[in-house]
There are 2 protein chains.
Amino acid sequence: MKVTINEIAKRAGVSKATVSRVLNNSKPVSEEIKKRVLAVIEDTNFKPNAVARSLSLKKSHLIGIIIPDLSNPVFSRIIAGIESYIRNLDYSLLITATDFDIEMKIQHIHILKDKGVDGLILVTDHGNSEFYEAMLAFGKPIVMVGSDSFAESIPFVRIDNYKASCEATQYLIDLGHEKIGMIRGPLTDPQSGKERFEGYRDTLVKAGLYEENLIAEGWYSFDDGYHGMEMLLSKSQRVTAVFCACDLMAVGAIKYASEQGLKVPLDLSVIGFDDVEIARMYSPSITTVKQPFEENGRIAIETLVQMIEEAEDLAPFHQQILKHQLVVRESTIIRKSEE
Amino acid sequence: MKVTINEIAKRAGVSKATVSRVLNNSKPVSEEIKKRVLAVIEDTNFKPNAVARSLSLKKSHLIGIIIPDLSNPVFSRIIAGIESYIRNLDYSLLITATDFDIEMKIQHIHILKDKGVDGLILVTDHGNSEFYEAMLAFGKPIVMVGSDSFAESIPFVRIDNYKASCEATQYLIDLGHEKIGMIRGPLTDPQSGKERFEGYRDTLVKAGLYEENLIAEGWYSFDDGYHGMEMLLSKSQRVTAVFCACDLMAVGAIKYASEQGLKVPLDLSVIGFDDVEIARMYSPSITTVKQPFEENGRIAIETLVQMIEEAEDLAPFHQQILKHQLVVRESTIIRKSEE
DNA sequence: TTGAAAGCGCTAACAC
DNA sequence: GTGTTAGCGCTTTCAA
């Protein structure tokens with residue numbers, strides 16, 4: 001019962017070429033015929049077959065998204081931003097997750113290419129040279145959210161993690177803290193790991209407060225924050241403030257500290273990063289650096305669609321840095337005076 | 001440039017039918033020719049065009065997902081479950097969000113249909129009759145996650161919300177509580193709203209403890225929990241325990257109670273629902289009903305793929321109820337004896 | 001303005 | 001076992 005363009009043509013007594021023309025407004029069609037065709041389309045409830053159209057046009061109106069983990073708000077909120085923008089254009093999103101596996105990421109690029117997507121958004125953690133080659137071989141527009149040192153020649157949108165970390169660290173210094181620890185991400189992660197750490201380090205160095213043994217490392221989880229804090233508190237030099245590379249680690253850190261009888265923020269100030277929901281909801285609510293996740297997504301997809309539609313081969317190098325914002329809440333406070 | 005099956009055929013000195021055969025193993029091909037074709041495929045790095053194949057096969061290997069909100073873990077974890085299963089089969093996911101808007105949900109069903117998806121998974125809040133009609137008109141396999149009173153004739157997978165709520169409520173009774181409040185969802189929401197409330201109500205009625213004025217209502221957010229608790233505490237009859245329809249409301253409830261000087265669980269026991277990440281991480285960690293989100297997704301997609309591949313028209317009515325689990329944590333405790 | 005026909009890249013009868 | 005051919009449903013020259 002699938003009604004096709006042929007069926008419409010027959011019923012309206014015209015050729016399918018004409019039907020196609022009224023469908024796409026691609027060429028002038030006389031008012032009368034147009035009306036007739038439209039009427040038939042209306043009451044057969046005809047919808048052109050998108051697959052056939054894709055084949056003919058060599059354009060699928062599909063956009064591929066590759067993301068490390070769908071269930072983590074840090075990523076899924078970016079997708080949400082993309083989705084709510086694209087919803088009104090007639091593109092659809094083909095979404096795949098990689099579980100942070102580079103091989104899988106590369107494989108997905110190929111799969112999505114074969115599926116004929118018109119463009120790609122990569123929400124990235126980090127890549128390698130093989131990954132980079134896969135991107136180049138993709139042959140159609142790509143935009144990255146978050147960027148990657150391997151791929152700085154690909155258009156991207158992200159925040160300035162370095163600067164944000166400087167500000168967060170400086171904020172702790174301004175509160176009078178001197179022993180300021182960090183629970184960082186892995187340095188192999190260029191953005192959330194390396195840049196956030198370097199902002200912290202450089203700021204402390206400039207203030208003459210940097211100490212190498214006030215640093216713990218983890219992979220952005222609650223448990224990593226928990227154990228990171230455990231490690232920091234085991235040092236003889238007691239920290240009075242901690243900067244965490246993400247909110248989840250901040251939560252873990254606070255949890256551990258609380259269990260050890262330390263009051264946050266009275267005995268220990270803690271800053272997170274990202275401003276995911278939990279930062280606002282936690283008790284104490286957590287001071288953090290707010291990332292505009294949804295906006296990241298929106299700008300990325302906007303850029304991508306533009307590249308697709310205007311066929312800007314080798315698009316002029318787009319790099320867009322969005323604004324972050326330090327959100328002060330209950331988990332940070334002026335350092336207790338010693339007595 | 002783009003290498004096609006014709007190109008392969010020419011280079012290998014065979015017909016494209018033969019190439020197609022070795023590509024799909026659809027018919028026997030002599031070893032020698034097969035080897036030759038494979039070699040050409042190999043060194044041209046040929047990948048068959050998925051769109052053309054779809055058109056010919058009338059099968060897109062695309063599966064549509066309609067979900068209320070991508071950034072909410074309650075939904076995105078279901079997607080994650082779907083995605084990690086489907087990744088190994090050669091289907092792809094076309095995901096759209098509705099922001100809980102029924103019109104949009106209906107519209108998405110049509111769009112996805114036009115895009116030629118082979119099946120649909122609906123992660124639903126609730127629908128109406130028009131929505132139900134759209135599903136019937138879809139004409140290809142559909143599976144719902146969470147089900148809906150309007151659509152009980154569509155295969156679904158979910159937990160037994162009613163039973164789970166009974167257990168949670170009974171647990172509070174067993175702890176000695178008598179004034180047990182609830183912050184429920186809207187009753188128009190058949191699963192998380194209505195069923196969870198009814199489980200609570202019936203269990204209390206049976207125990208002779210039900211009181212209508214111990215109930216607040218909200219839309220599953222932190223703020224709703226916060227205000228719900230505010231409302232409950234404003235009653236003269238002081239509750240000693242509260243069952244919340246989701247974890248976020250439980251967090252809001254605890255936050256408000258804490259701000260009023262009540263200790264959780266000492267002065268007030270709180271139970272949530274869902275077991276999202278925050279329930280484990282919060283201080284106090286929250287007793288809750290664990291939903292197997294990822295498994296919900298996995299079973300749903302498994303069922304759907306089966307329906308697609310085995311072409312079970314009007315599939316024998318599948319309804320699958322998965323197991324929930326009460327997870328006891330720090331937010332609940334035996335009722336303080338009065339003195 | 002409109003129609004006929006070729007073609008997008010692939011699969012699947014149908015012959016040989 | 002292999003090739004020829006006719007589609008799948010749509011767009012787009014090219015003529016008329």
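Throughout, protein chains are lettered first and strands after them, A, B, ... in sequence-line order, and every chain is numbered starting at 1.
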Nucleotide [N], atom [atom2] - distance to [atom1] of [X] in whole Å:
{"X": "A:Lys27", "N": "D:dT11", "atom1": "NZ", "atom2": "P", "answer": "14 Å"}
{"X": "B:Ile33", "N": "D:dT2", "atom1": "CD1", "atom2": "P", "answer": "4 Å"}
{"X": "B:Lys58", "N": "D:dG9", "atom1": "NZ", "atom2": "P", "answer": "4 Å"}
{"X": "B:Ile5", "N": "D:dG3", "atom1": "CD1", "atom2": "P", "answer": "12 Å"}
{"X": "B:Ile41", "N": "C:dC10", "atom1": "CD1", "atom2": "C1'", "answer": "13 Å"}
{"X": "A:Lys35", "N": "C:dT1", "atom1": "NZ", "atom2": "P", "answer": "16 Å"}
{"X": "A:Lys47", "N": "D:dG9", "atom1": "NZ", "atom2": "P", "answer": "17 Å"}
{"X": "A:Lys59", "N": "D:dC10", "atom1": "NZ", "atom2": "P", "answer": "18 Å"}

Is any side-chain nitrogen or oxygen of [X] closer than 4.0 Å to OP1 or OP2 of [N]?
{"X": "A:Arg53", "N": "D:dT11", "answer": "yes"}
{"X": "A:Ser30", "N": "C:dT2", "answer": "yes"}
{"X": "B:Asn49", "N": "C:dC8", "answer": "no"}
{"X": "A:Thr18", "N": "C:dT2", "answer": "no"}
{"X": "A:Ser20", "N": "D:dT11", "answer": "yes"}

For B:Lys35, does the NZ atom have more than 12 heavy-atom neighbours from other residues, nucleotides or ligands under 6.0 Å away? no
Enclosure of B:Lys10 NZ (heavy-atom neighbours >12, cutoff 6.0 Å): no
5'-most contact on DNA chain D: A:Arg21 or B:Leu57, nearest heavy atom basis? B:Leu57
Nearest-nucleotide wise, let me know which of B:Ala52 and B:Val29 is further upstream toward the 5' end of DNA chain D. B:Val29
Pairing donors with acceptors under 3.5 angstrom, does anything connect the side chains of [X] and [Y]?
{"X": "A:Ser153", "Y": "A:Tyr132", "value": "yes"}
{"X": "B:Asn72", "Y": "B:Tyr220", "value": "no"}
{"X": "B:Glu83", "Y": "A:Thr96", "value": "no"}

Which part of the nucleic acid, if any, lies within contact of [X], taking any heavy atom under 4.0 Å across all strands shown: a base, the sugar-phosphate backbone alone, or nothing?
{"X": "A:Leu55", "answer": "base"}
{"X": "B:Val14", "answer": "sugar-phosphate"}
{"X": "B:Val19", "answer": "nothing"}

First of A:Ala17 and B:Ala17 reached from the 5' end of DNA chain C, by closest nucleotide: A:Ala17
Please state whether the base of D:dG7 and the side chain of B:Ser56 form at least one donor-acceptor pair under 3.5 Å? yes
